[in-house]
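First, the structure itself, so that you have it in front of you.
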Amino acid sequence: MDPRYDPAVIEAAAQERWRRERAFHVVEEPERPKFYCLSMFPYPSGKLHMGHVRNYTIGDVITRYQRMRGRNVLQPMGWDAFGLPAENAAIANGVPPAKWTWDNIAYMRRQLQSLGFALDWEREIATCDPRYYRWNQWLFLRLLERGLVYKKTGTVNWDPVDQTVLANEQVIEGRGWRTGAVVEKREIPMYYMRITAYAEELLAALDSLPGWPERVRIMQANWIGRSEGVEIGFPYGAGAGTLNVFTTRADTLYGATYVAVAAEHPLAVRAAADNAELAGFVERCRQGSVMEADLATLEKEGMDTGLQVIHPLTGDRLPVWVANYVLMGYGEGAIMAVPAHDERDFEFARKYGLPIRQVISNAIEERRRRGDADVAGPENVRFDFEVTLWKPWYAEQEGEVTSFCVNSGPLDGLPHQAATDRIAALLEEKGLGRKRIQFRLRDWGISRQRYWGCPIPIIHCAVCGEVPVPDEQLPVVLPDHLVPDGSGNPLSGDHAFLDCKCPGCGAAARRETDTMDTFVDSSWYFLRYPCADQSRAMVDERTQYWLPVDQYIGGIEHAILHLLYARFWTKAMRDLGLIGIDEPFSNLLTQGMVLNEIFLRRGEDGRITYFNPADVDLETDARGQRTAARLRADRLPVESDGMGTMSKSKNNGVDPQALVDRYGADTARLFIMFASPPEQTLEWSDAGVEGAYRFLKRLWRLAADHLAAGAAGAVNAAALTQAQRDLRRKIHETIAKVDDDIGRRCTFNTAIAAVMELTNALSRADDPTPAGRALMREGIEMSVLLLSPIVPHITDAIWRELGHTGSLMDARWPVAEPGALTRSTVDLVVQVNGKLRGHVAVAPGAAQEDIRAAALGNADVRRFTDGREIRKVIIVPGRLINIVVA
RNA sequence: GCCGGGAUGGCGGAACUGGUAGACGCGCCGGACUCAAAAUCCGGUGGUGGCAACACCGUGUGGGUUCGAUUCCCUCUCCCGGCACCA
């Protein structure tokens, strides 16, 4: 065995053999347990970034582990190939998005292969391939037939200069990214998918996903936002219908002092028609972006419409305001405002001098008011209702402080739920309200006014209207030679695409030029890998075999949208009879982002220049504390701006290719798995990479030194010295630990640390006896097996050097021998008043009395207990004794 | 603004179910090898005090529960992800 570790040679050899043997290609074997291991497919942006390497290494470790456990494992890969960056590249370089995308795919595929991932490339898909996206179109038509796709207007960002729709990302501080023009909101017709039809199931089924992180399920539940409330009609007065609002606090109806509608609400539009000032306000509300984050931080503004509605119970006339904090997209686009008990209404009412009327009180305040001396005191002052100051208890429903209605006629004295029930009954009698469930979730608008996406299969006919493209004419193929220039969709000017015949009447007609949201592409790609070559159907029986995905791995940033849309599509396809599963992903692992330090200099003109950490040298003092950071080129200091996600704009990316070229794929894989647990953010460290490389060199040398000393026999467990038994226990404890860390916990960092501990122990062993040599061989073999999912190339090479002829990838995953794990004594910690004071060694399973006596008799312990009263002795079996003294 | 998450030595992190805080790695210090350096190997390394044995302090802030809290509860601060057209 070559004493020098040469990753370039061994990695190329292993990869070539895997390719020749089609080692990663799998076929359906119904009698074997299957395992579908899926990583989120990449957008082909040009080259891999560290986030990809992390994502796919996690998936590869799980894949190889499950394979060694005997499962039939599918790990596919493909390309989320439609989207905005291809159009941006076209604008910048004049290259057609299709060519740019396919070139990127070819390059990134080679990169993935060089990292040694066990991917079945024979199932590769790209969403920009008509053989894939024709099934987007086909399913769109099926959903259209069932009313799950429909058309209505939606609000978009409009750049008035470029005359084009902008993505949220293209709106910078309310202005268009290219033109700098103030962005407007514009209403345009769009196709929607009726995801809200599945809202109840999408919410309820979260409970059936124990393999998902709690935080993702909570985020999805909050996103769906089911709330039970009451829809209330405020009559316009002259017998002309009602203004409807939805509220979860119908019990505060008597405190409603005004009604507010969104600027887009029909009532606001009507009122603005003959009120110039109001029209101006509504117009101002139309400025700026459509993003909720922007809207939610706006200063609350509003204007009286001059219109009034009638309170359904008191008959009072309430003013109708237009308010920018009322969202058209939620509920009815109108609210009843109860300033006394809603913080936003309170702020608004204070600003515009609208009346505030208390209708909720609480027991403590009421007792104070009646002069109950027991509750009089400074600590209860905060329960005074005060009209100038907001206090959180105003908005309490029922909690520790019992609240109930006041100043509310028939509701007085009732708590929240009873009052809500009463109000609903009273309103229902009058035909002015009913209980209703409202979701925060909105239907999914899928129309995009863009070129580089899947065409929506609709034909516009002057006679027949909007006509679905017949199935036999699918796919509607996107022309691949166009080059967008940033001023609208080039499809609108491409007559070869545009012009067609109406399938209904045969007249000349025009194709729909909107394309689909790229979330559509990614909502079902995992169903297509199993049958990527199937040309006659969207999915087939192979989909049935592989689904659901047993382990899905991807970035936490997809916790809501992508995962919710994919769940919705799965359910919709199930209801079309295409698949037999309810949920697509049984287990979900959400990886954290990859960060790196940001270095910069601020110029005199305030301009910031960013420097790549690879070009910066760090200086430290004698303790290792950072003293300076200097740019290598000019030796002058640069400023650190902390850690941030690797990005082009901050110039703090690390190119995975450079890493692989210098250290090899195994070092890259090892470092990225060792640096932090997968769900946490990962901070890049060049020194850490060196450390990973050093470990692999040590592992290699350990094996080479062992082999150089000649053959070793098998371990005879019955004839070992105490030191040998201890080492053997370490070997088998490591097996148990690594199996648990990889198989159950997915904490690959601690699995690697455990093997490092083992190889450290092996290096120190220095035992030339036959038994010692046999133990060394067992230890090296186990280390190689346990590390093989993480660093498959070096372990494959050592495995062969050890004389094995079969493929390591298909070797049996090791299992700890129970006999090797037993101990003759257990070390217990002794605490006095919770502080560590001593240790005692006892036999496993020693009686409590004996443990107690050993602890109390321990000399280190008696220094702290002698002369003091022993009040209590707590014994935690196998762990510690805590002696409580006075 | 709203929803979700995070904060532990000089640094990344470990401590899994409330039970020895700092595993493993990096960095740093000392030593071996070398003409020398690199590489490699050996030893040390949370802070403060002490010659030492040892003691005290210590898991973002302030409080609480407990025999015992990095872990559970409340408060605050800062950082990160998402907010429906980036993917």
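This structure is a prediction, so every number in the text was calculated from the model and none was measured. Note on naming: letters A, B, ... go to the chains in the order of the sequence lines (proteins, then strands), and numbering restarts at 1 for each one.
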Exercise for the section: Could you check which nucleotide pairs with B:C35 in any of the strands shown, counting Watson-Crick or G-U wobble with both distances under 3.5 Å? Expected result: none

Practice task
Could you check which of B:G19, B:C24, B:C83 has an atom nearest any side-chain atom of A:V876?
Solution key: B:G19

Exercise for the section: Could you tell me whether B:G60 is syn or anti, where syn means a glycosidic angle within 90 degrees of zero? Expected result: anti

Exercise for the section: Inspect the contact between A:R344 and A:D342 and indicate whether a charged nitrogen and a carboxylate oxygen are less than 4.0 angstrom apart. Expected result: yes

Practice task
Take atom CG of A:L595 and atom C1' of B:C11, then tell me their distance rounded to the nearest Å.
Solution key: 14 Å

Completion exercise
Out of B:C83, B:C67, B:G81, minimum distance to the side chain of A:M219 belongs to B:G81

Fill in the blank from the handout: By the Watson-Crick or G-U definition, both distances under 3.5 Å, B:C72 is matched with B:G64

Practice task
Determine: side-chain N/O of A:Q591 to OP1/OP2 of B:G81, distance under 4.0 Å, yes or no.
Solution key: no

Problem - Euclidean distance, atom OH of residue A:Y330 to atom C1' of B:G1 [Å, nearest integer] - result: 16 Å

Handout entry: Mutual orientation of the aromatic rings belonging to A:W569 and A:W524 [parallel < 30°, tilted 30-60°, perpendicular > 60°]
Key = parallel

Fill in the blank from the handout: Out of B:G82, B:G81, B:U40, minimum distance to the side chain of A:I560 belongs to B:G82

Handout entry: Nearest-angstrom distance, P atom, B:C42 to B:G19
Key = 34 Å

Practice task
Would you kindly give the CG-to-P distance between A:L682 and B:C26, to the nearest whole Å?
Solution key: 16 Å

Handout entry: Rounded distance in Å between the C1' positions of B:G10 and B:U75
Key = 31 Å

Practice task
Could you work out the separation of B:U45 and B:C26 based on their C1' atoms and round it to a whole Å?
Solution key: 13 Å

Practice task
Using the test side chain to side chain contact (heavy atoms under 4.5 Å, CB included), find all partners of A:E733 that sit at least two apart in sequence or belong to another chain.
Solution key: A:R729, A:L821, A:R823

Problem - Below 4.0 Å: OP1/OP2 of B:C41 and any side-chain N or O of A:R764 - result: no

Fill in the blank from the handout: Nearest-nucleotide check on RNA chain B, A:A692 vs A:N833; residue mapping nearer the 5' end is A:A692

Exercise for the section: Would you check if there is a donor-acceptor pair between the side chains of A:T196 and A:D443 at a distance under 3.5 Å? Expected result: yes

Practice task
Could you give the distance separating B:G64 and B:G18 at their C1' atoms, to the nearest angstrom?
Solution key: 15 Å

Exercise for the section: Please report, rounded to the nearest Å, how far the P atom of B:C79 is from the CD atom of A:E597. Expected result: 16 Å

Exercise for the section: Measure from the side chain of A:N882, starting at C-beta and using heavy atoms only, and say which of B:G19, B:G81, B:U20 lies closest. Expected result: B:G19

Practice task
Just call it for A:E679: base, sugar-phosphate, or nothing, with non-hydrogen atoms closer than 4.0 Å on any strand.
Solution key: nothing

Exercise for the section: Report yes or no: is there a donor-acceptor pair, N or O only, under 3.5 Å between the side chain of A:N222 and the base of B:C3? Expected result: no

Handout entry: Minimum-distance nucleotide to A:K697 side chain [options: B:G82, B:A39, B:G13]
Key = B:A39

Handout entry: Nearest-0.5 Å distance that lies between atom CG in A:N222 and atom CG in A:L203
Key = 9.5 Å

Fill in the blank from the handout: Of the candidates B:A87, B:C24, B:A14, the side chain of A:T518 sits closest to B:A87

Problem - Candidate nucleotides B:A15, B:G4, B:C86, ranked by approach to the side chain of A:P85 - the nearest - result: B:C86

Handout entry: Partner nucleotide of B:C2 by Watson-Crick or wobble geometry (both distances under 3.5 Å)
Key = B:G82

Practice task
Between B:C67 and B:C78, how far apart are the C1' atoms? Round to whole Å, please.
Solution key: 35 Å

Practice task
Take atom P in B:U40 and the same atom in B:A7, then report the distance between them in whole Å.
Solution key: 33 Å

Practice task
May I ask you to establish whether A:R837 and A:F864 are in a cation-pi arrangement, using a distance under 6.0 Å from NZ or CZ to the six-membered ring centre and at most 45° from the ring axis?
Solution key: yes

Completion exercise
note: A:L295, atom CG; B:C3, atom C1'; distance rounded to Å ~ 16 Å

Problem - Separation of the C1' atoms in B:A38 and B:U8, to the nearest angstrom - result: 35 Å

Exercise for the section: Using only heavy-atom distances, decide whether a donor-acceptor pair under 3.5 angstrom links the side-chain of A:R744 to the base of B:C16. Expected result: yes

Completion exercise
Rounded to whole Å, the CE-C1' distance (A:M646 to B:C80) equals 16 Å

Fill in the blank from the handout: Regarding the side chain of A:H558, the nearest nucleotide among B:A84, B:A87, B:C24 is B:A87

Completion exercise
A:L561 has its side chain closest, among B:C41, B:C67, B:A87, to B:A87

Practice task
For B:A55, take OP1 and OP2 only and decide whether either is under 4.0 Å from a side-chain N or O of A:R863.
Solution key: yes

Handout entry: Short side-chain N/O contact to B:A55 OP1/OP2 from A:R837, under 4.0 Å
Key = yes

Problem - Listed once per pair and sorted, the side chain to side chain donor-acceptor pair (under 3.5 Å) pairs that draw on residues 684-695 of chain A, sequence neighbours left out - result: A:Y663-A:E690, A:W684-A:D686

Problem - Presence of A:R694 side-chain N/O under 4.0 Å of B:G27 phosphate oxygens OP1/OP2 - result: yes

Problem - Presence of A:N749 side-chain N/O under 4.0 Å of B:A14 phosphate oxygens OP1/OP2 - result: yes

Practice task
Under a 3.5 Å limit for both distances, which nucleotide forms a Watson-Crick or G-U wobble pair with B:U77, could you say?
Solution key: B:A7

Practice task
Nearest whole angstrom, please: distance from the P of B:A38 to the CD of A:E690.
Solution key: 14 Å

Fill in the blank from the handout: Between A:R701 and A:R440, whichever has its closest RNA chain B nucleotide further toward 5' is A:R701

Handout entry: Of the listed nucleotides B:A84, B:C16, B:G25, the one nearest the side chain of A:M756
Key = B:G25

Exercise for the section: Hunt down the Watson-Crick or G-U wobble partner of B:U45, both distances under 3.5 Å, from any strand shown, or write none. Expected result: B:G27

Exercise for the section: Please state whether the rings of A:W700 and A:Y5 are parallel, tilted or perpendicular, taking 30° and 60° as the class boundaries. Expected result: tilted

Exercise for the section: Describe the nucleic acid contact of A:F674 in one word from base, sugar-phosphate, nothing, applying a heavy-atom distance below 4.0 Å. Expected result: base

Practice task
Provide the distance between the two C1' atoms, one in B:G27 and one in B:C16, to the nearest whole Å.
Solution key: 29 Å

Problem - Quiz item: cation-pi between A:R440 and A:W223, 6.0 Å / 45° - result: yes

